[in-house]
2 protein chains.
Amino acid sequence: MSLTLDDADHRLLAVLQNNGKASLQELAEAAGLSQSPCWRRIKRMEDAGLIRGYVARLDPKGLGLHALAYVFVTLIDHREETIAGFGRLVAREERIVECASITGSADFILKVAAKDPEDLETFLMKGVLATGMVRESQTHFILRQTKTRSPWPLL
Amino acid sequence: MSLTLDDADHRLLAVLQNNGKASLQELAEAAGLSQSPCWRRIKRMEDAGLIRGYVARLDPKGLGLHALAYVFVTLIDHREETIAGFGRLVAREERIVECASITGSADFILKVAAKDPEDLETFLMKGVLATGMVRESQTHFILRQTKTRSPWPLL
DNA sequence: GCTGAAAGGAGAATGAG
DNA sequence: CTCATTCTCCTTTCAGC
């Protein structure tokens, strides 16, 4: 799985992180190679799972999602069943667009998207807190997103 | 900018959020239309800025990014200059992959990616705190990412 | 390993009905 | 929206460095 990447690979990834539809011609130029080896390198990284896929980036505002928030969640207890149940909740609810378990006083941090603050509040109350799995939650509304889903650094 | 989306548009977006390289044929099937109108609808959504672009999704682990964290940041003061300076910092530093200003006691929440915890600590110390723009910061390491950059809900 | 070239086919993009 | 057409570009293969 862990494959070695040289500078040319990094250049290819840098382009593809910005433009997933870049043509082999563009990619070849950026990498300083011709098209065939470019194609092979990309295929190799796709097959290795390093490139997980290609997706369209959408504008949440354009979709009518005017309320975004980060929500800290502390579970009511830490039995396996509770954790699994919460995992299913996260997987099921499309308004939860990101979830990670973290260090610190909370168990999870969620990123939640909703139509408006009211919709978000309803979702948290009825969709999350009412399940009885959450002891505590803390909501931080996003006022302005200054950097969004930017490319990963290639260190 | 705010254009009206019908069910067919939603189906197209649902597909494109999962597979940005979906062919017009697949898209047409999913939307229940033929290819030309599909293409037109997608073009319309691209031109409106609703579809911001197409990108490759990479696996951070595969890139050697083994330390991810959310970091709360409170600025030393709230003069325009300080805020602008912090904005430039965020824009410049590729390890900061996400940044939002939020409600609550902190000013910003960052998502930071680094090679390992040590690299992350070095970056925070030298790259962020040493700038003198930050009064307080709180780092929450990500233990496990259970939902990552998932599609936006189409409500 | 890389290059360049070239062939075939797939699919994007456009215009007319 | 459908149909038909054009044309770009992907993808693979070849020979050669």
Side-chain angles (χ1 to χ4, degrees), chain A residues 1-60 62-64 149-155, chain B residues 1-59 61-65 149-152 154-155:
Chain A
M1 163 55 182
S2 207
L3 67 185
T4 315
L5 305 175
D6 62 15
D7 282 356
D9 291 317
H10 279 179
R11 284 191 290 268
L12 291 173
L13 291 175
V15 173
L16 286 173
Q17 282 199 98
N18 280 313
N19 177 15
K21 279 188 139 75
S23 70
L24 275 177
Q25 197 172 353
E26 294 176 66
L27 290 162
E29 273 178 43
L33 300 172
S34 61
Q35 297 187 15
S36 316
C38 269
W39 185 84
R40 273 178 206 281
R41 281 162 183 265
I42 291 165
K43 186 97 194 332
R44 170 169 154 267
M45 296 190 282
E46 287 171 355
D47 291 344
L50 204 166
I51 298 176
R52 287 186 166 166
Y54 301 86
V55 296
R57 293 187 57 204
L58 307 187
D59 174 33
L63 294 171
R149 299 184 173 198
S150 81
W152 296 111
L154 306 170
L155 305 175
Chain B
M1 164 54 180
S2 208
L3 66 186
T4 314
L5 304 175
D6 62 14
D7 282 356
D9 290 318
H10 279 178
R11 283 191 291 266
L12 291 174
L13 292 175
V15 173
L16 287 173
Q17 282 199 97
N18 280 311
N19 177 15
K21 278 189 139 75
S23 70
L24 277 176
Q25 196 171 352
E26 295 176 65
L27 289 162
E29 273 178 43
L33 302 170
S34 60
Q35 298 186 14
S36 311
C38 269
W39 183 85
R40 272 177 206 282
R41 279 163 184 265
I42 291 165
K43 185 95 192 332
R44 171 170 153 267
M45 295 190 283
E46 287 171 354
D47 292 343
L50 205 167
I51 297 176
R52 289 186 165 167
Y54 302 86
V55 296
R57 292 187 58 205
L58 307 187
D59 174 35
K61 278 215 187 78
L63 295 172
L65 300 171
R149 300 185 171 196
S150 81
W152 296 110
L154 306 170
L155 304 175

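In the text below, chain A, chain B and the rest are named by the order of the sequence lines, each starting its count at 1. Computed from a predicted structure; not experimentally measured.
Counting heavy atoms from C-beta outward, Met45(B) and Leu16(B) have side chains that stay 4.5 Å or more apart. Taking the side chain as every heavy atom from C-beta outward, Leu13(B) and Leu50(B) approach each other to under 4.5 Å. Side-chain contact between Asn19(A) and Val55(B): absent, with no pair of heavy atoms (C-beta onward) separated by less than 4.5 Å. Asp47(B) has its side chain within reach of Lys43(B): a pair of non-hydrogen atoms, C-beta onward, lies under 4.5 Å apart.
Dashed line: the shortest gap from a side-chain N or O of Arg41(A) to OP1 or OP2 of dG1(C) is not under 4.0 Å.
The nearest pair of heavy atoms linking Ala28(A) to Ser34(A) is CB-C, 3.8 Å.
For DNA chain D, if you chain together Watson-Crick or G-U pairs that step i with j, i+1 with j-1 and so on, the runs of at least three with distances under 3.5 Å are C:1-7 with D:11-17, C:9-17 with D:1-9.
Note that Arg149(A) lies in the cation-pi zone of Trp152(B), set by a 6.0 Å cut-off to the ring centre and a 45° limit from the axis.
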What is the per-nucleotide protein-contact pattern of nucleotides 12-17 of chain C, from the 5' end, where B denotes a base atom under 4.0 Å from a protein heavy atom, S denotes such proximity for sugar-phosphate atoms only, and - denotes neither?
SSBB--
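Using a distance-only test at 3.5 Å, with no hydrogens or angles considered, a donor-acceptor pair links the side chain of Asp9(B) to the main chain of Asp6(B).
Distance check, rounded to the nearest 0.5 Å: CD of Gln35(A) to CZ of Arg40(A) gives 13.5 Å.
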